[in-house]
Amino acid sequence: MLFRSEAHTAGAAGWQSNARSREVYDEAGLLYASDSRGTHPFFPRVDGRIFRTLEIPSTLPTFDELMGRPEYPDAAIVPHYLSLLREDRPNVFTLHAEIEGMGRRALFRDLLRACRNRGVEFIRLDDLARELLAEPARIPVCDQVQGEIDGRSGLVATQAA
């Protein structure tokens, strides 16, 4: 209880998640987790076991997955993010304080401004989780597997297709 209240969520560093971490989340009674990369919220199934903690995956690439690539000079990054936004599901962006909060703060501000100008609604993930969990039968169960993400080295937890 670092902040004098119980934790309601968790996010695995580097999207490193497995059955044991999911088990701990269920035991802790977390509202949701954001431990994977995927397309939409789901209940994760790992090695055949279905877990109760809602997963709200990161759906958008991180800045560091785009930066330094010839196809994504700074001028192309904001338009690229805007092209990835979907109206039929939550768009979840994972921010790295050391990148978007420091070294690339101006570019991140440009992205926020462009989203606001486009009418993007910003919501809290805990509010989204509560809304989704009001009708848990509508939340799909999806396999969580290890996979590659373009622009990121190594394997990460991903939502299976």
Side-chain angles (χ1 to χ4, degrees), residues 7-25 30-47 51 53-129 131-132 139-161:
H8 298 284
T9 186
W15 299 280
Q16 298 301 305
S17 173
N18 56 35
R20 179 62 184 131
S21 63
R22 294 290 178 186
E23 186 176 295
V24 169
Y25 293 170
L30 295 183
L31 177 64
Y32 75 96
S34 192
D35 281 3
S36 69
R37 301 295 290 270
T39 58
H40 56 279
F42 65 100
F43 288 117
R45 179 175 40 226
V46 182
D47 299 328
F51 293 91
T53 303
L54 175 67
E55 171 66 11
I56 302 178
S58 295
T59 63
L60 298 169
T62 60
F63 270 23
D64 62 322
E65 292 166 3
L66 303 178
M67 292 181 328
R69 295 170 63 173
E71 64 269 37
Y72 299 112
D74 279 6
I77 289 179
V78 169
H80 179 64
Y81 275 107
L82 294 177
S83 77
L84 296 174
L85 296 178
R86 301 277 309 258
E87 292 188 20
D88 62 333
R89 61 182 74 156
N91 298 281
V92 180
F93 176 80
T94 296
L95 180 143
H96 292 100
E98 70 278 11
I99 297 172
E100 293 87 355
M102 294 169 55
R104 307 301 271 183
R105 187 178 353 199
L107 186 59
F108 182 58
R109 285 182 179 153
D110 291 345
L111 175 60
L112 290 176
R113 188 175 306 109
C115 286
R116 283 190 200 114
N117 291 342
R118 187 169 172 179
V120 171
E121 177 187 0
F122 293 86
I123 61 171
R124 292 173 47 113
L125 291 185
D126 59 338
D127 289 340
L128 173 63
E131 179 183 321
L132 293 169
I139 302 170
V141 171
C142 298
D143 288 319
Q144 175 184 298
V145 298
Q146 294 294 303
E148 294 181 350
I149 296 293
D150 186 34
R152 181 157 297 286
S153 62
L155 297 176
V156 300
T158 61
Q159 180 181 19

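Quantities reported herein were computed from a predicted structural model and do not represent experimental measurements.
In this structure the side chain of Phe63 reaches within 4.5 angstrom of the side chain of Leu107, judged on heavy atoms.
At distances below 3.5 Å, not a single donor-acceptor pair connects side-chain atoms of Glu23 with backbone N or O atoms of Asn18. Not one N or O on the side chain of Glu148 forms a donor-acceptor pair closer than 3.5 Å with the backbone of Ser153. Using a distance-only test at 3.5 Å, with no hydrogens or angles considered, a donor-acceptor pair links the side chain of Thr158 to the main chain of Val145. A donor-acceptor pair under 3.5 Å links the side-chain atoms of Asp35 to the main chain of Ala12, judged by distance alone.
Ring centroids of Phe93 and Tyr81 are separated by less than 6.0 Å, placing the two rings close together.
Among Leu54, Thr53, Leu31, the one residue that satisfies the side chain to side chain contact (heavy atoms under 4.5 Å, CB included) test with Tyr25 is Thr53.
A salt bridge is absent between Arg124 and Glu131; no separation between the charged side-chain nitrogens and carboxylate oxygens falls under 4.0 Å. Salt-bridge formation is not detected for the pair Arg104/Asp64: no Lys NZ or Arg NE/NH1/NH2 atom is positioned less than 4.0 Å from an Asp or Glu carboxylate oxygen.
Summarising the geometry of Arg37 relative to Val156, their closest heavy-atom pair is CG-CG2, 4.2 Å, with the distance given to 0.1 Å. The two atoms that bring Val46 and Arg22 nearest to each other are CG2-CG, 4.4 Å, heavy atoms only.
Once rounded to the nearest 0.5 Å, the distance linking NE2 of His8 with CG of Leu30 reads 9.0 Å. The line from CD1 of Ile77 to CG of Leu111 is 9.5 Å long, rounded to the nearest 0.5 Å. The CG atom of Leu132 sits 11.0 Å away from atom NE2 of His40, with the distance rounded to the nearest 0.5 Å. Taken to the nearest 0.5 Å, the NE2 atom of His80 stands 8.5 Å off from the CD atom of Glu71. Rounded to the nearest 0.5 angstrom, Met67 CE and Asp74 CG are separated by 8.5 Å. Rounded to the nearest 0.5 angstrom, Ile56 CD1 and Ser36 OG are separated by 10.5 Å.
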Query - Step-by-step side chain to side chain donor-acceptor pair (under 3.5 Å) determination, Glu55 to Ser34 - result: CA-CA 6 Å; Glu55 171 66 11; Ser34 192; 4.8 Å; no
